[in-house]
Amino acid sequence: MGSFDNKTILITGGSRGIGKAIAIRLAREGANIAIVGKTAEPNPKLEGTIFTAAEEITAAGAKKVLPIQGDIRYEENIHHIVDQTVQTFGGIDILINNASAINLSATEQTEPKRWDLMHSINIRGTFFMSQACVPHLKKALNPHILNMSPPLNLDPRWFGPHLAYTISKYGMSMIILGLAEELKQYRIAANALWPKTTIATAAVKNILGGDFLVQRSRKPEIVAEAAYHILQKSSFETSGNFFIDEDVLIA
């Protein structure tokens, strides 16, 4: 019996990359997994779909996997995602806000549609996914919210090259600070996890540096292992922290 046996994990952006790796890692511990993604049909530019990911997660040992096509920019999608998860599994124990949009343009090159996409998914989507899950997390035995977002650091070097993107990811991190304080009365842990280096994902390949950078990046499994170590902790133990993957593994 794994440490997540029969617990229900809801993961946004779970069809590939870090989200899928976390789902597979927790599946090996006996969890029920609900993954959310927009890709239901094969796309030549993107690896896999929610359904192929579900097959991999099932093969890893998940008790049950629920693939949900959804876009967290829209309230009706969010409510559908949460309702389907609860109807299928009876509740939600852990929410992982992994879905994210990235665009590293400088200010003059940032188009309004790119700004809107990043802020609609990264901040708005994360906030309202969390809001929709809170009533169910209150009923869980060891509830957690985990955002994939960076430590808050006001050094200008994190803002200068890609201001719009940094604001959107820091918004996710500020949500963690707020939820950790607001939800501690319900012993719901809220933490964030961020990789120390680039990770070999579709975003790194398609946006940051192609195959050259992918080959020099670490694999998503190291972030998944860090997530496992955070989420197995008691929700009384830790909340409001920003973890770097290597620090978690060393600790």
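Just so you know, residue 1 is the first one in the sequence shown, and it goes up from there.
Side chains of Ile50 and Thr39 form no contact here, defined as non-hydrogen atoms less than 4.5 Å apart. With a 4.5 Å cut-off on side-chain heavy atoms, Ile145 and Ile175 do not count as touching. With contacts defined as side-chain heavy-atom distances shorter than 4.5 Å, the pair Gln131/Ile78 does not qualify. Counting heavy atoms from C-beta outward, Pro161 and Leu104 have side chains that stay 4.5 Å or more apart. At least one side-chain heavy atom of Ile81 sits less than 4.5 Å from a side-chain heavy atom of Leu10. Side-chain contact between Ile72 and Asn77 is absent, with no heavy-atom pair separated by less than 4.5 Å. Residues Pro195 and Ile222 fail the side-chain proximity criterion, which asks for heavy atoms closer than 4.5 Å. Within the 4.5 Å cutoff, side-chain heavy atoms of Asn142 are placed close to those of Lys7.
More than 12 heavy atoms of other residues, nucleotides or ligands lie within 6.0 Å of CD in Gln109, so this atom counts as buried by the packing criterion.
Under a 3.5 Å cut-off, the side chain of Thr8 and the backbone N or O of Asn32 do not form any donor-acceptor pair. For the pair Asn241 (side chain) and Phe243 (backbone), a donor-acceptor distance under 3.5 Å is absent. For Thr12 (side chain) and Val36 (main-chain N/O), no donor-acceptor pair under 3.5 Å exists by modelled atom type. No donor-acceptor pair closer than 3.5 Å links the side chain of Tyr165 to the backbone N or O of Ala101. Looking at Asn191, its side chain does come within 3.5 Å of a backbone N or O of Gly240 through a donor-acceptor pair. Put simply, the side chain of Ser239 gets close to the backbone of Ala190: a donor and an acceptor are under 3.5 Å apart. Of the possible polar contacts, one joining the Asn147 side chain to the Met172 backbone as a donor-acceptor pair under 3.5 Å is found. Proximity of a side-chain donor or acceptor of Arg73 to a complementary backbone N or O of Ser120 within less than 3.5 Å is not detected. No side-chain donor-acceptor contact under 3.5 Å links Asp245 to the backbone of Ala226.
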Can you list the steps and then say if Leu95 with His136 is a side-chain contact (heavy atoms from CB on, under 4.5 Å)? CA-CA 10 Å; Leu95 168 65; His136 306 287; over 6 Å; no

Going through the distances and angles, do Thr126 and Asn97 end up as a side chain to side chain donor-acceptor pair (under 3.5 Å)? CA-CA 6 Å; Thr126 294; Asn97 287 306; 4.6 Å; no

Verify side-chain contact (heavy atoms from CB on, under 4.5 Å) between Glu75 and Arg124, making sure each step is shown before the conclusion. CA-CA 10 Å; Glu75 291 95 323; Arg124 191 177 190 277; 2.9 Å; yes

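In this structure, CD1 in Ile24 is found 10.0 Å from OG1 in Thr58, a value given to the nearest 0.5 Å. The CD1 atom of Ile102 sits 11.5 Å away from atom CG of Leu117, with the distance rounded to the nearest 0.5 Å. Rounding to the nearest 0.5 Å places CD1 of Ile94 at 6.5 Å from CG of Leu26. A distance of 6.5 Å separates CD in Gln69 from CZ in Phe51, rounded to the nearest 0.5 Å. Taking CG of Leu163 as the reference point, atom OG of Ser105 lies at 11.5 Å (rounded to 0.5 Å). Between the CE atom of Met129 and the NE2 atom of His79 there is a distance of 10.5 Å, given to the nearest 0.5 Å.
The shortest heavy-atom contact between Glu56 and Lys20 is OE2-NZ, 3.0 Å. When all heavy atoms of Met118 and Ala164 are compared, the pair lying nearest together is CE-CB, 3.8 Å. Between Ile9 and Ala31, the shortest heavy-atom distance links the atoms CG1-CB, 3.8 Å. Residue Ile33 comes nearest to Phe89 through the heavy atom pair O-CZ, 3.9 Å, listed as atom of the first residue, atom of the second, then distance. Minimum interatomic distance between Pro151 and Trp194 (heavy atoms only, all atoms of both residues): CD-CB, 4.1 Å. Smallest separation of non-hydrogen atoms from Leu152 and Phe242: CD1-CZ, 4.3 Å.
Side-chain heavy atoms closer than 4.5 Å link hydrophobic residues (I, L, V, M, F, W, Y) into clusters, and following such links, even through other members, never connects Ile123 to Met148. Hydrophobic clustering, with ILVMFWY side chains joined whenever heavy atoms are under 4.5 angstrom apart, groups Val223 together with Leu231. A chain of hydrophobic side-chain contacts below 4.5 Å, direct or via other Ile, Leu, Val, Met, Phe, Trp or Tyr residues, connects Leu249 to Ile22. One hydrophobic cluster, built from ILVMFWY side chains closer than 4.5 Å, cannot hold both Ile188 and Leu146; they sit in different ones. Grouping the Ile, Leu, Val, Met, Phe, Trp and Tyr side chains by contacts below 4.5 angstrom, directly or via other members, places Val86 apart from Ile11.
Side-chain atoms of Glu76 and His80 include no donor-acceptor pair closer than 3.5 Å.
Taking the six-membered ring where the residue is Trp, Phe159 and Tyr170 present perpendicular rings, their angle passing 60° and hence far from 30°.
For Asp83, the salt bridge (charged side-chain N to carboxylate O under 4.0 Å, His left out) criterion is met by no residue, not counting sequence neighbours. With sequence neighbours excluded, no residue forms a side chain to side chain contact (heavy atoms under 4.5 Å, CB included) with Glu55.
With respect to the salt-bridge test (charged N to carboxylate O, under 4.0 angstrom), the residues Glu225 and Lys219 do not qualify. The residues Arg25 and Glu221 are annotated as not salt-bridged, no charged nitrogen and carboxylate oxygen being separated by less than 4.0 angstrom.
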